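Only one structure is covered here, and it is reproduced in the block below.
Being a predicted model, the structure only gives us computed values, none of them experimental.
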Amino acid sequence: MLQFYDYDISDYHHSVYVTYKPSSGVTWDNLLVCQHSSDVKNRPVIELINAFGGSSCKMRRMTFSSASFSS
């Protein structure tokens with residue numbers, strides 16, 4: 001999962017899930033994500049980078065740890 005920084009609210013806000021990563025030659029153009037807002041599927045990350053500030057864009061990777069649930 002990736003999160004993008006929203007300068008309007010001064011916090012990380014927009015989250016997307018990586019849905020496709022090529023086995024080699026990964027670029028922002030061919031790394032694809034899905035997002036809930038606007039229900040967009042397989043959007044190139046470069047579009048979000050441009051929407052969230054271009055060269056000033058802040059993006060962070062979020063990873064999940066294993067979890068257990070009690071019954």
Side-chain angles (χ1 to χ4, degrees):
M1 179 167 67
L2 302 173
Q3 278 191 330
F4 290 85
Y5 190 86
D6 187 332
Y7 287 94
D8 291 335
I9 62 172
S10 300
D11 199 5
Y12 284 91
H13 178 66
H14 188 67
S15 301
V16 297
Y17 290 97
V18 176
T19 53
Y20 176 75
K21 177 185 157 229
S23 57
S24 64
V26 178
T27 67
W28 297 129
D29 292 313
N30 64 18
L31 184 66
L32 304 179
V33 296
C34 287
Q35 65 188 53
H36 181 281
S37 54
S38 304
D39 291 331
V40 177
K41 180 179 178 186
N42 295 331
R43 182 180 190 181
V45 172
I46 190 67
E47 290 180 9
L48 290 167
I49 290 171
N50 290 333
F52 283 93
S55 61
S56 299
C57 177
K58 292 183 185 181
M59 172 178 55
R60 66 182 176 187
R61 185 181 76 170
M62 308 289 286
T63 57
F64 298 98
S65 304
S66 62
S68 60
F69 300 92
S70 59
S71 52

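Cluster partners of Tyr12 are Tyr5, Tyr7, counting Ile, Leu, Val, Met, Phe, Trp and Tyr whose side-chain heavy atoms approach within less than 4.5 Å, directly or via other members.
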What donor-acceptor contacts under 3.5 angstrom involve side-chain atoms of residues 22-34, with partners at least two apart or in another chain?
| from | atom 1 | to | atom 2 | distance (Å) |
| --- | --- | --- | --- | --- |
| Thr27 | OG1 | Asp29 | N | 3.2 |
| Thr27 | OG1 | Asn30 | N | 3.3 |
| Thr27 | OG1 | Asn30 | OD1 | 3.4 |
| Asn30 | OD1 | Thr27 | N | 2.8 |
| Asn30 | ND2 | Gly25 | O | 3.0 |

Please tabulate, for the side chains in residues 46-61, all donor-acceptor contacts under 3.5 angstrom to protein atoms that are two or more places apart in sequence or on a different chain.
| from | atom 1 | to | atom 2 | distance (Å) |
| --- | --- | --- | --- | --- |
| Glu47 | OE1 | Arg43 | NE | 2.9 |
| Asn50 | ND2 | Ile46 | O | 3.3 |
| Arg60 | NE | Gln3 | OE1 | 2.8 |
| Arg60 | NH2 | Gln3 | OE1 | 2.7 |

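Linking ILVMFWY residues whenever their side-chain heavy atoms come closer than 4.5 Å, directly or via other members, places Phe4 and Val18 in the same cluster.
The closest side-chain heavy-atom distance from Asp11 to Asp6 is not below 4.5 Å.
Interatomic distance, CD of Gln35 versus OG of Ser15, reported as 10.5 Å (0.5 Å rounding).
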List the steps and the verdict of side chain to side chain contact (heavy atoms under 4.5 Å, CB included) for Met1 and Phe64. CA-CA 9 Å; Met1 179 167 67; Phe64 298 98; 4.0 Å; yes
